Protein chains: 4
Amino acid sequence: MRAMSNGKEVDRRRTILRAAVEVFAKKGYHGCRIADVAKEAKVAYGLVYHYFKNKDELLRSVFEAGWAGFVSRLREAAQAGSTLEEKVRGVVRVAFDSYRQDPRAVKVLILEIGRSGGRVNRGGAFAEVIQLATAMFEEARVRGELAAGADPLLCAAMLFGAIELALTAFVVGLLDRRSEESLLRARARVAEVFLRGVLPAREESWKTDRSNIRQKADGPS
Amino acid sequence: MRAMSNGKEVDRRRTILRAAVEVFAKKGYHGCRIADVAKEAKVAYGLVYHYFKNKDELLRSVFEAGWAGFVSRLREAAQAGSTLEEKVRGVVRVAFDSYRQDPRAVKVLILEIGRSGGRVNRGGAFAEVIQLATAMFEEARVRGELAAGADPLLCAAMLFGAIELALTAFVVGLLDRRSEESLLRARARVAEVFLRGVLPAREESWKTDRSNIRQKADGPS
Amino acid sequence: MRAMSNGKEVDRRRTILRAAVEVFAKKGYHGCRIADVAKEAKVAYGLVYHYFKNKDELLRSVFEAGWAGFVSRLREAAQAGSTLEEKVRGVVRVAFDSYRQDPRAVKVLILEIGRSGGRVNRGGAFAEVIQLATAMFEEARVRGELAAGADPLLCAAMLFGAIELALTAFVVGLLDRRSEESLLRARARVAEVFLRGVLPAREESWKTDRSNIRQKADGPS
Amino acid sequence: MRAMSNGKEVDRRRTILRAAVEVFAKKGYHGCRIADVAKEAKVAYGLVYHYFKNKDELLRSVFEAGWAGFVSRLREAAQAGSTLEEKVRGVVRVAFDSYRQDPRAVKVLILEIGRSGGRVNRGGAFAEVIQLATAMFEEARVRGELAAGADPLLCAAMLFGAIELALTAFVVGLLDRRSEESLLRARARVAEVFLRGVLPAREESWKTDRSNIRQKADGPS
DNA sequence: GATGAATGAGCGTTCATTCAT
DNA sequence: TATGAATGAACGCTCATTCAT
C-alpha cells in the first residue's frame, strides 16, 4: 500500500514536473501559469500545490531536475578523458546530445532559465558549470596542455558560450533543427575550433592528431 | 516626423527610455512596472502612454535602442578591418567596450532580453548579429583567411557565445567587475583564443604577428 | 444511538473536539483550519469528516459542548441559592471558576464565539443565558429582593456583561492572569459591586450581612 | 484643481469606508469581501486598493474611524462631569447615544471587531477604554466617591461590560430595537444600577439626590 | 472505519491600460 | 500635453470538501 501510493505520488510529481517543462518551454517563464501546468498534466489545479510549495519552487524544481542531470553528465565527461582534448570533446558531446535527446528541456535551460529574475539561481548554476570547467582547464594548464596565456576561467566561459550560441542557432532555426547530420557536424566543428584555439601549438603533429581523435571520439553516437 | 517636430517631446521620450533601461536592468523584465518607469523618469504615470503605445512597445524600444547602436558599431568594426584578425578584434572590442561604458545596458542585453517570452524579438536580433558576422567569416573564408573546415555561421555563433559568457562572468561577479585591467586582459584573451581556433595555421609568423597586432589594436582605448 | 454504540467512536469524537477547542483558542475562528485540528488530534485529515459533517458543525459542536456545560452549571447555581445574593454569587463563581479551570475554553467563549458571523448561534446562546438569569431576577423581584426600578432583563445583561469584561481583563492581561489570588479577589469584588447595585437598600444590616456571606460563600473553592 | 480633486479623493475614501462598514455589519468580518465593498460603494474593484493598502488596513480603518470617535466622546464625558455620578452617566449616555445614532456601527464595534483574530487591535482598543475609565474611577476613589473596596480597574471593566451586554440585548433583539423609549429607559437603568453598586452608601440622601440628578442628566437628549 | 491525495471554487492582490480633467 | 484616478482582467494561493483505496 505504502509502496504503491508512494509510487503513485512520485509519478504524479513527475507528471506535473514534465508538464511544467512543457509549458515552460512553450510559454516562457512569465507565461507559465499554474493553471496551464495543471491542465497540461491533466491534474486538478490545487494538486500542483500538493506537490510544490508554490510557483517558484515548481520552476526551481524544473530547473534543478534538468540542470542537475546536465551538470553531472558534464562532470563525468570532464573527468572521463585523459587529455584536455578528450575532455573538451566529451563536454561538447554532452551538451549537443542533451539537445538531441530533449531539445525542449535544453531550450528551457538556454533561453528561459536564469532570465527568471533571480528567482532561479542562474548565477549559481552558471558559476557551478564554469567552475567545473575552470578546474578542468586549470589541470590541463598544469600539465602543459593549455596554450600559453590562456586563462582557465575565460576558456571555460568561452567554451560554454560557444556551445550555447551554437545550440541557440539550432533553437532559433538558423541551423536545421531536424537534421541529425548538421547537428553532428556542428558538434565536431565546435570542438575543433575551440580546441585549436586553446591547445598549445604543436605544429607538425596537429593535423594527424586531430583527425585521429576526431574519428575516434566524434563519430555519431 | 512627429518626433522631430519638437525637441521637448524627443527629450521626454528619451528620459522615459533611459528610465526604462534603468528599471529593466534593476528589476528585470517582469519586475519592470510602468509605475516604476514613470517614477524613475520623474514623469506622470499616464505620460508613458503618450510616448509608448504599451508596455511591450516600450520594452521593445529599450531593446532596439540599445541593440541598434550595438549592431551598428559591430557592423562598423566588421567592415573596418582589412584582415579577419582585425575584424574579430574589432568586434570583440566593441562588445567589451560597450560593457565598460554601460554595464547596465549590456546586462540588460545579456541577461534580460529573451526573458520577455517572444515579446521582444530575440531570435531576430540574434539572427541579425549572427548574419552580420557570418558574412564577415564567409568573406574571410573566400579570401583564405579561415581555417579549413570552419563553418562561417558556426564561427559567428561561437564568437558571440564566447564574448557573451565572458562578459557574463563579469556580470555575475566571477571576474572582477570593477577592474579595468582584468576587463582589458579578458578582451585580449578572448580575441586571441578565438582567433587561434579560427585562423589557418601560420606557424612561423604567429607569435610575432600576434604581439604586434595586440599592441596596436588592443591597448586601452 | 450511534454515538453510544461504540466507546472508541465517542473517544475519537471527543479527541477531535478537544483538538478543535485548542486550535480554535490558539488561532481564532478564521485561522482554525481542518488540517490543524486533524494534526492537533493526531488523526487523519479525512477522519474529521467522519465525525463532523463540515467545519461549521464542528465549530458549532465546540461551542455547544463548552457552552452547554457552562449553562448547566449556571442554571444549577441560579437554582441552588435561596436568596438572590447567593444565586448571584453562585453565578459569578461558576463563571470565574470555569475560567480558572480552563482559561482557553473561556477565552474561546468570550473572544472567539460570535466572530463566526452567525454560523454559530451567538444570539441564541446569549439569549439562553440572559433568559436564565432574567428568570432568576424576576423571581427575586417578586420576592422583593430586587431594588425598585431594576429591570430583570437588564440586570441579567449587566451581570454577564460585568463578568465577561472582568474576565476579559484577565484574558488580555490587564489583570494578572496567573495569580490565583487576584482572580479570587476579582470574583468577590464583582459580586459585591453588582449586588450592591441590585439589591434593595437595607442600610442597617448591609455591612454585617455582606461580610458574613462573603466569608462563607467566597473563600477559595 | 488640487483642492477639488483632493476633495473628491477624500470623498471616495469615505464612500469606500462607509461601504465597508455596511458590508462589515451585514456579513461580519469574514464574510466581508473586497468585491462586496467595491460593489456597495459602486466603485471599481481595484479602486479600493488605491485608497487602502489591503483588506486589513481597510478594516482597521473602519474600526479606527468608528472607535476613535467613540473613545474621544467617552473621554470628553469622563472629564466633563464634576462628580463620579455625572461622569458615569455621561459615559453611559455616550454609549447608548452612539447606538441610537448608528446602530450598525455599534453592532460592528460590539459584535465583530476584535473578534477579528488579532488583525484589529482589540486588546489595545479595549485597554484604551478600560484605562480611561480606570483613571476616572481612581480619581473618584481619591475623592472618596468610590465605595470602599471597589477596585477602579474592575469597576471600569464592569461598567463597560454592563453597557456592552445591555446594548447587545438590543442588537440581538431581546429588547425592542426600535423603541426610543425602551432605549432611554435602559440607559437610565444601567447607570442607576451601576452607580448604586459603586458609590459609597449615602443612605439618607440617596433617593433625593439620585432623582434630582437623573432629571437633569438623563432626560432624552 | 481510516487515510490523505485530489478537486476546484473563492478570494486577495497586482498592474497594464483607459479616461476625465 | 500632462496628470493620476479609475477600471477590471488575470493569476497565485488557500482550504473546505470529496473520494478512491
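Just so we're clear, the structure is a prediction, and the values are computed from it rather than from any experiment. Protein chains get the first letters and strands the later ones, always in sequence-line order, with residue 1 at the start of each. Only this structure's heavy atoms are used, side chains among them; waters, hydrogens and symmetry mates stay out.
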Restricting to non-hydrogen atoms, name the atom on [X] and the atom on [Y] that form the minimum distance, rounded to 0.1 Å.
X	Y	result
B:A38	B:Y45	CB-CA, 3.9 Å
B:A41	B:T15	O-CG2, 3.8 Å
B:R13	B:F52	NH2-CE2, 3.4 Å

Take atom [atom1] of [X] and atom [atom2] of [N], then tell me their distance rounded to the nearest Å.
X	N	atom1	atom2	value
D:D36	E:dG10	CG	P	12 Å
A:K42	E:dA6	NZ	C1'	17 Å
C:K39	E:dG4	NZ	C1'	13 Å
C:R13	E:dG1	CZ	C1'	15 Å
D:L59	E:dC11	CG	P	14 Å
D:F52	F:dA6	CZ	C1'	15 Å
C:D11	E:dG1	CG	P	15 Å

| Is the side chain of B:K27 donor-acceptor paired with the backbone N or O of B:E22 at a distance under 3.5 Å, no angle test? | no

| query | In dot-bracket, 5' to 3', how would DNA chain E read with Watson-Crick or G-U wobble pairs under 3.5 Å, [ ] for crossing ones and | for pairs to another strand? | reply | .||||||||||||||||||||

| request: With sequence neighbours excluded, give me every salt bridge (charged side-chain N to carboxylate O under 4.0 Å, His left out) pair touching residues 37-54 of chain C. | output: C:K26-C:E40

| Taking only residues two or more places apart in sequence or in another chain, which ones pass side chain to side chain contact (heavy atoms under 4.5 Å, CB included) with A:R14? | A:V10, A:D11, A:R18

| message | Can you work out whether C:Y51 or A:V48 has the more 5'-proximal nearest nucleotide on DNA chain E? | response |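 Closer to the 5' end of DNA chain E: C:Y51.
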
| said: Reading DNA chain F from 5' onward, which residue's closest nucleotide shows up sooner: D:V43 or B:L47? | reply: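 With D:V43 and B:L47 compared, the 5'-side residue is B:L47.
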
| field | Heavy-atom protein contacts under 4.0 Å, nucleotides 12-19 of chain F, coded B base, S sugar-phosphate only, - none | value | BBBSBBB-

| task | Could you tell me how the ring of B:F70 sits relative to the ring of B:W67: parallel (under 30°), tilted (30 to 60°) or perpendicular (over 60°)? | result | tilted

| query | What pairs with A:R33 under salt bridge (charged side-chain N to carboxylate O under 4.0 Å, His left out), at least two apart in sequence or on another chain? | reply | A:D36

| field | With D:V37, the side chain to side chain contact (heavy atoms under 4.5 Å, CB included) member among D:V62, D:L17, D:I16 | value |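 Considering D:V62, D:L17, D:I16, a side chain to side chain contact (heavy atoms under 4.5 Å, CB included) with D:V37 is found only for D:I16.
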
